[in-house]
Amino acid sequence: SLVACNLAVALATDTRTPTLLLDLDVNAAPLAGLLDLTPERGLPAALGEVEYLDEHALQGYVSKHRSGLHVMGAPAKAPVPLEALDPARFATLLAVLKANYRYIVVDGARHLDPLTLAAIGAARTVVLVLQQSVAQLKQGAVLIGWLGNVCGIPKDHTLVLVNRYLKRSSVTLDDIRRALGRD
């Protein structure tokens with residue numbers, strides 16, 4: 001989440017073009033807290049009214065950060081059952097968002113739920129964030145294979161980012177390159 005947040009803020013600040021940070025972890029909603037925002041409405045409400053959203057109505061569902069970044073997540077008022085989030089409506093919402101934002105950074109849930117899968121399928125670039133551990137490396141290799149074989153994401157559309165890099169780790173960058181087949 002911190003990587004997605006920093007990337008989105010950098011894009012909004014450096015490009016000065018419409019940029020949205022979309023938080024798919026609707027129950028924890030960490031991104032609003034990281035940016036010191038308190039959304040009134042967000043993703044669940046937008047999904048409920050997606051057929052009425054245009055560029056003007058959309059502004060009622062996002063929070064605005066001082067950097068110019070727009071954030072859509074979920075207000076921390078009540079838990080949202082994941083089955084209440086319709087992937088078909090989410091696909092419609094993604095189309096509306098794409099028409100209104102140059103960059104959309106999506107912070108997926110920790111698991112591959114239907115909304116995260118829809119976002120991955122619509123993405124130009126998927127960034128896999130992992131740490132230097134054998135367990136993360138094995139999970140990353142499985143996920144990259146799954147993204148390519150099941151989701152049809154081309155290998156050159158997936159980037160690997162090593163978070164919390166430790167120069168003296170027993171898992172080196174060369175180990176990661178070999179295990180994942182990419183830099």
Side-chain angles (χ1 to χ4, degrees), residues 1-129 143 147 151-154 157-159 161 163:
S1 294
L2 190 59
V3 171
C5 189
N6 284 328
L7 174 61
V9 168
L11 285 168
T13 304
D14 292 349
T15 67
R16 299 203 184 277
T17 58
T19 303
L20 175 77
L21 177 57
L22 182 58
D23 189 349
L24 294 185
D25 189 348
V26 294
N27 286 311
L31 299 180
L34 287 172
L35 293 167
D36 199 26
L37 298 171
T38 52
E40 291 295 317
R41 304 174 86 197
L43 179 60
L47 288 174
E49 300 179 15
V50 70
E51 58 272 356
Y52 306 112
L53 293 182
D54 61 15
E55 64 182 294
H56 302 291
L58 186 60
Q59 300 312 305
Y61 297 88
V62 299
S63 299
K64 296 169 184 94
H65 185 256
R66 67 181 177 273
S67 67
L69 175 68
H70 289 187
V71 179
M72 180 182 281
K77 294 178 182 169
V80 178
L82 295 181
E83 58 273 2
L85 304 174
D86 182 4
R89 295 180 74 77
F90 181 67
T92 302
L93 177 62
L94 280 177
V96 173
L97 296 174
K98 283 182 179 182
N100 288 280
Y101 292 97
R102 171 75 171 98
Y103 296 105
I104 301 171
V105 176
V106 179
D107 185 26
R110 291 194 178 274
H111 56 281
L112 295 176
D113 63 20
L115 297 190
T116 301
L117 290 172
I120 288 171
R124 279 189 239 149
T125 305
V126 176
V127 179
L128 176 62
V129 180
L143 183 56
L147 289 172
C151 295
I153 306 294
H157 289 214
T158 306
L159 299 175
L161 188 142
N163 192 23

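If you read the sequence from its start, that first residue is 1, and numbering goes on from there.
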Pair Leu147, Ile120 - check side chain to side chain contact (heavy atoms under 4.5 Å, CB included), show working. CA-CA 9 Å; Leu147 289 172; Ile120 288 171; 3.7 Å; yes

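For the side chain to side chain donor-acceptor pair (under 3.5 Å) test, residues two or more places apart in sequence or in another chain that qualify with Arg89 are Glu51. Every residue was checked against the side chain to side chain donor-acceptor pair (under 3.5 Å) condition with Ser63, not counting sequence neighbours, and none meets it. Remark: Tyr101 engages His70 in a ring-ring contact (aromatic ring centres under 6.0 Å, His included) (not counting sequence neighbours). Judged as a side-chain contact (heavy atoms from CB on, under 4.5 Å), and not counting sequence neighbours, Ala95 has no contacts. Partners of Thr38 by side-chain contact (heavy atoms from CB on, under 4.5 Å), not counting sequence neighbours: none found. In this view, Leu128 and Leu130, Leu143, Ile144 satisfy the side-chain contact (heavy atoms from CB on, under 4.5 Å) rule, not counting sequence neighbours. Here Asp107 pairs with Ser1 under the side chain to side chain donor-acceptor pair (under 3.5 Å) rule; sequence neighbours left out. Shown here are the side-chain contact (heavy atoms from CB on, under 4.5 Å) partners of Ala8, two or more places apart in sequence or in another chain: Leu21, Leu69, Val105. Shown here are the side chain to side chain donor-acceptor pair (under 3.5 Å) partners of Thr15, two or more places apart in sequence or in another chain: Thr17.
Contact between Ile153 and His157 at its shortest, heavy atoms only, is CG2-CB, 4.0 Å. Gly68 and Ala12 make their closest contact through C-CB, 4.4 Å (heavy atoms, listed as atom of the first residue, atom of the second, distance). In terms of heavy-atom proximity, Ala32 sits nearest to Pro39 at CB-CD, 3.7 Å. Minimum interatomic distance between Leu31 and Cys5 (heavy atoms only, all atoms of both residues): CD2-CB, 4.1 Å.
Under the side chain to side chain contact (heavy atoms under 4.5 Å, CB included) rule, Asn100 has a single partner from Leu97, Val96, Ile104, which is Val96. Under the side chain to side chain contact (heavy atoms under 4.5 Å, CB included) rule, Leu22 has a single partner from Val62, Val71, Leu94, which is Leu94. Of the residues Leu117, Leu24, Leu85, the one that meets the side chain to side chain contact (heavy atoms under 4.5 Å, CB included) test with Phe90 is Leu24.
Counting heavy atoms of neighbouring residues, nucleotides and ligands inside a 6.0 Å radius, atom NZ of Lys64 exceeds 12 of them.
Between the CG atom in Leu11 and the OG1 atom in Thr19 there is a gap of 5.5 Å [rounded to 0.5 Å]. Taking CD of Gln59 as the reference point, atom CG of Leu53 lies at 10.5 Å (rounded to 0.5 Å). To the nearest 0.5 Å, atoms CG (Leu35) and CG (Asn6) are separated by 8.5 Å. Atoms CZ and OG1, from Arg66 and Thr13 in turn, are 9.5 Å apart once rounded to the nearest 0.5 Å.
For the salt bridge (Lys or Arg N to Asp or Glu O under 4.0 Å) condition, the pairs that include at least one residue of residues 28-42, sequence neighbours left out, are Glu40-Lys77, Arg41-Glu49.
Leu43 places none of its side-chain heavy atoms less than 4.5 Å from the side chain of Asp23.
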